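To start, the structure under review is shown below, and the notes come after it.
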Amino acid sequence: MNIKKYLSDQVALALTLAGVPEGSEPLVTQSTRAEFGHYQANGVLPAAKRMQVNPRDLASKVVDQLKLETVAEKIEIAGPGFINIHLTSDWLARNCEAALADDHLNANRNAEPEIVVADYSAPNLAKEMHVGHLRSTIIGDAIARVLEFQGDHVIRQNHMGDWGTQFGMLIAHLEDRLTAENSLTEVELEDLEAFYREAKIRFDEDAGFADRSRAYVVKLQGGDAHCNALWQKFIDVSVAHSEAIYRKLNVSLTHQHIRPESAYNDDLPKVVAELKRQLIVVQDQGAQVVFLEEFADKDGKPSVVIVQKTDGGYLYATSDLAALKYRNDELQADRILYFVDARQSLHLQQVFTVARKAGFVSDSVSLEHCAFGTMMDADGKPFKTRVGGTVKLAELLDEAVERARRLVEQKNPELTAVERDEVARKVGIGAVKYADLSKNRTSDYMFNWNTMLSFEGNTAPYLQYAYTRVQSIFRKAGVDPQNLSGELHLSESSERALALKLLQFNETLDLVARECLPHLLCTYLYELASDTMSFYEACPILKDGVDPVSKASRLLLCQFVARTLKEGLDLLGIEVMDRM
RNA sequence: GCGCCCGUAGCUCAAUCGGAUAGAGCAUCGGCCUUCUAAGCCGAGGGUUGCAGGUUCGAUUCCUGCCGGGCGCGCCA
């Protein structure tokens with residue numbers, strides 16, 4: 001049950017019956033204030049304007065046609081022509097019971113599932129993953145999970161950077177280390193960042209090394225066996241590093257989702273040839289370029305996309321085009337999502353435009369750049385180490401767990417060592433992820449240890465805590481939440497508010513899936529946890545004097561909360577625990 | 001120079017297609033633990049939504065111009 005959609009359909013019907021012409025939207029939303037009921041329909045105002053009639057008169061006609069006998073206890077016309085709908089407690093209760101009986105919490109399952117390609121994470125394998133990779137990885141993963149939950153067929157694509165020019169110097173350096181130290185083990189490759197720095201220094205300071213590096217790029221791309229073996233060794237180590245991070249982060253990406261840049265090597269000449277055949281590409285200053293009038297400046301000067309360099313080499317625009325073609329032709333995508341930094345906005349718009357022009361992607365396919373901002377430090381500057389270097393993601397996560405562990409030790413010394421480790425891990429990682437996911441994707445955000453780990457307000461620990469309190473009630477009651485029975489009775493206002501919030505899980509997910517905005521789910525879960533805490537304070541469950549009917553009803557409500565919190569957090573890739 | 005994004009309470013952030021009196025948290029102040037985990041709950045104060053116009057029944061939201069900040073713009077990715 002999606003209440004918003006249900007009421008929208010009812011109001012749309014009433015609008016038609018009241019003589020409103022086609023094309024008028026019911027505009028049903030959650031009410032902005034409690035006195036305005038649970039939902040409000042705003043569609044009468046624009047409709048009345050178009051019909052040149054008094055909006056309150058029209059609203060009255062629409063209300064007369066609204067068939068919500070068992071659903072609404074009161075339907076009011078307010079202000080200039082808003083329709084306020086107050087739902088009955090009984091209807092809310094029956095819908096809660098229906099959701100509880102469904103292992104999917106009555107969430108929507110798309111009748112016509114789409115094939116959605118989600119392109120996210122995409123680390124550069126030349127280096128270690130750093131904080132700059134966090135947003136793409138966790139935002140993309142959350143959206144992939146939500147779409148999957150709603151029934152879409154999600155194909156994750158980890159477009160790892162394994163083919164840049166840097167690999168020349170990396171394999172040259174690796175080659176020297178292997179011969180110089182006889183049997184270099186993977187151990188020394190483990191610090192990829194240090195290895196990269198060493199290679200870079202040699203490249204900058206040693207002309208001979210630089211020349212050999214450049215030659216190795218050409219040999220590598222030409223299929224030279226020796227260079228490819230070195231390259232493969234390096235890639236294996238780097239991929240293993242990324243996968244360790246994914247496990248630590250509780251991100252659903254695995255080996256099978258990797259389709260790196262090099263996978264498109266053979267397609268690159270074909271892409272350029274096809275663009276030439278269609279006269280989309282022209283030679284300019286020695287390079288193969290596409291001029292796009294679509295992105296011309298005021299003087300009509302078009303923007304430029306280079307697809308092949310003067311020396312014959314290809315660029316990332318070329319492999320992005322090849323990837324689009326693959327996703328259209330082979331993966332049969334209906335929707336392709338790019339979880340990529342906002343700074344790449346122009347690049348992606350250009351690539352999308354070229355792909356459409358060349359017919360690499362059908363018109364029916366939706367191409368969406370899910371852009372996100374930069375992670376800033378407490379001073380509002382891009383997040384760096386004290387000396388100005390990039391912060392390794394692995395170190396950031398370790399610090400989060402360590403900080404969480406210190407807090408757990410202090411707040412709850414009664415936990416066993418095993419429990420403490422588990423709580424520290426789930427809370428620390430959850431805090432980092434939630435701090436990011438809860439901010440609007442499109443803007444930059446401030447990273448602040450104290451705020452995210454304060455365990456107060458809109459944070460992961462607060463949500464996890466709400467879950468543990470509910471679990472604690474089940475333990476105290478000695479019941480198995482799977483086997484609860486009885487009916488729901490919503491007598492207290494905090495119970496009604498909680499029930500309504502619980503039933504809004506679906507419409508929240510619809511919005512998150514459509515707009516690819518995880519922070520909407522975070523806001524929802526925070527409000528749910530907050531409503532749960534209020535309910536918990538106002539409505540005793542196990543205390544003396546609570547009648548059995550209320551007790552059974554409230555336990556059911558608790559179970560609905562627990563399942564929704566757990567599911568919602570799981571969609572964000574955040575784990576819960578029974579006690580903390 | 002051109003283009004894109006942003007500017008909301010002291011701070012960090014919300015505001016669902018243009019809807020009613022712009023909401024939370026932190027911080028500040030005041031209450032609530034012999035009773036289901038106080039990592040909590042209840043309450044108070046705090047706003048010319050950068051500025052000036054425009055569109056309209058209605059603008060944080062759309063348009064124009066300024067001011068301020070970030071980012072991008074031919075052979076890296």
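Nothing here was measured: the structure is a model prediction, and the numbers come from that model. Proteins get letters first, then strands, A, B, ... in listed order; numbering begins at 1 in each.
Across all strands, A:His347 comes closer than 4.0 Å to no nucleic acid atom at all (heavy-atom distances). Looking at heavy-atom distances under 4.0 Å, A:Glu261 makes contact with sugar-phosphate atoms alone, never a base. Using a 4.0 Å heavy-atom distance criterion, A:Tyr536 is classed as a base contact. Using a 4.0 Å heavy-atom cutoff across all strands shown, A:Cys558 reaches no nucleic acid atom at all. Nucleic acid contact class of A:Ile541 (heavy atoms, under 4.0 Å, all strands): base. Residue A:Ala342 is out of contact with every strand shown, counting any heavy-atom pair closer than 4.0 Å. Contact annotation for A:Glu414: no contact, since no heavy-atom pair falls under 4.0 Å across all strands. At the heavy-atom level, A:Lys301 lies nowhere under 4.0 Å from the strands shown. Counting any heavy atom pair closer than 4.0 Å across all strands shown, A:Thr451 reaches no nucleic acid atom. Residue-level contact check: A:Gln344 touches the bases, meaning some heavy atom is under 4.0 Å from a base atom. Among the atoms of the strands shown, none is found under 4.0 Å from any heavy atom of A:Leu407. Heavy atoms of A:Pro461 sit nowhere under 4.0 angstrom from any nucleic acid atom. Counting any heavy atom pair closer than 4.0 Å across all strands shown, A:Thr468 reaches a base atom. Backbone-only contact: A:Tyr462 has heavy atoms under 4.0 Å from sugar-phosphate atoms and none from a base.
Every residue two or more places apart in sequence or in another chain was checked for a salt bridge (charged side-chain N to carboxylate O under 4.0 Å, His left out) with A:Lys4, and none qualifies. Under the salt bridge (charged side-chain N to carboxylate O under 4.0 Å, His left out) criterion, A:Arg514 pairs with no residue at all, not counting sequence neighbours. Scored by the side-chain hydrogen bond (donor to acceptor under 3.5 Å, both in side chains) test, A:Tyr264 finds A:Arg259 as partners (sequence neighbours excluded). Under the salt bridge (charged side-chain N to carboxylate O under 4.0 Å, His left out) criterion, A:Arg214 pairs with A:Asp211, not counting sequence neighbours. Under the side-chain hydrogen bond (donor to acceptor under 3.5 Å, both in side chains) criterion, A:Asn450 pairs with no residue, sequence neighbours left out.
Annotation: B:G53 and B:G45 have their P atoms spaced 31 Å apart (nearest Å). Taking atom P on both B:C5 and B:C41, the two are 38 Å apart, rounded to the nearest angstrom. Only the C1' atoms considered, B:G50 is 12 Å distant from B:U60, to the nearest whole Å. Atom name P, nucleotides B:C62 and B:G70: the rounded distance is 23 Å, in whole Å. The C1' atoms of B:A27 and B:A20 are separated by 31 Å, rounded to the nearest whole Å. Using P as the reference atom, B:C26 and B:C73 are 41 Å apart when rounded to the nearest Å. Rounded to the nearest Å, the gap between the P atom of B:A59 and that of B:A52 is 15 Å. For the P atom pair drawn from B:C42 and B:A24, the interatomic distance equals 11 Å after rounding to whole Å.
A:Gln308 places a side-chain N or O within 3.5 Å of a backbone atom of A:Gly312 that can act as its donor or acceptor partner. Of the possible polar contacts, none joining the A:His347 side chain to the A:Gln344 backbone as a donor-acceptor pair under 3.5 Å is found.
For residues 124-136 of chain A, every residue pair satisfying the salt bridge (charged side-chain N to carboxylate O under 4.0 Å, His left out) rule, not counting sequence neighbours, is listed here: A:Glu128-A:Lys392, A:Arg135-A:Asp436. Residue pairs meeting the side-chain hydrogen bond (donor to acceptor under 3.5 Å, both in side chains) criterion with at least one member in residues 520-535 of chain A, sequence neighbours excluded: A:Lys501-A:Glu527. Sorted by first and then second residue, the pairs that involve residues 431-452 of chain A and meet ring-ring contact (aromatic ring centres under 6.0 Å, His included), not counting sequence neighbours, are A:Phe383-A:Phe447, A:Phe447-A:Trp449.
When RNA chain B is scanned in the 5' to 3' direction for atoms under 4.0 Å from non-hydrogen atoms of chain A, the outermost contacting nucleotides are B:C2 to B:A77.
Of the two residues contacting RNA chain B, namely A:Lys543 and A:Asn412, the nearest-nucleotide position lying further toward the 5' end is that of A:Lys543. Projected onto RNA chain B by closest heavy-atom contact, A:Val423 and A:Ala78 fall at different nucleotides, the more 5' of which corresponds to A:Ala78.
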For residues 40-59 of chain A, which side-chain donor-acceptor pairs fall under 3.5 Å, sequence neighbours excluded?
{"residue": "A:Gln40", "atom": "OE1", "partner": "A:Thr32", "partner atom": "N", "Å": "3.3"}
{"residue": "A:Gln40", "atom": "NE2", "partner": "A:Asn42", "partner atom": "OD1", "Å": "3.0"}
{"residue": "A:Arg50", "atom": "NH1", "partner": "A:Glu22", "partner atom": "O", "Å": "3.4"}
{"residue": "A:Asn54", "atom": "OD1", "partner": "A:Arg56", "partner atom": "N", "Å": "2.8"}
{"residue": "A:Asn54", "atom": "OD1", "partner": "A:Asp57", "partner atom": "N", "Å": "3.2"}
{"residue": "A:Arg56", "atom": "NH1", "partner": "A:Gly79", "partner atom": "O", "Å": "2.6"}

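In this structure, B:C33 is classed as syn because its glycosidic torsion stays within 90° of zero. The glycosidic torsion of B:C26 lies more than 90° away from 0, placing the base in the anti range.
Each of A:Asp284, A:Thr318, A:Leu315 was scored for a side-chain contact (heavy atoms from CB on, under 4.5 Å) with A:Ile306, with one residue passing: A:Leu315.
Residues A:His369 and A:Ser345 are in side-chain contact: their nearest non-hydrogen atoms beyond the backbone lie under 4.5 Å apart.
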If you write RNA chain B from 5' to 3' in dot-bracket form, with Watson-Crick or G-U pairs under 3.5 Å, [ ] for crossing pairs and | for pairs with another strand, what do you get? (((((.(..((((.....[...)))).(((((.......))))).....(((((..]....)))))).)))))....

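No side-chain donor-acceptor contact under 3.5 Å links A:Asn458 and A:Ser438.
For the segment residues 431-443 of chain A, residues with any heavy atom less than 4.0 angstrom from an atom of RNA chain B are, sorted by number, A:Lys439, A:Asn440.
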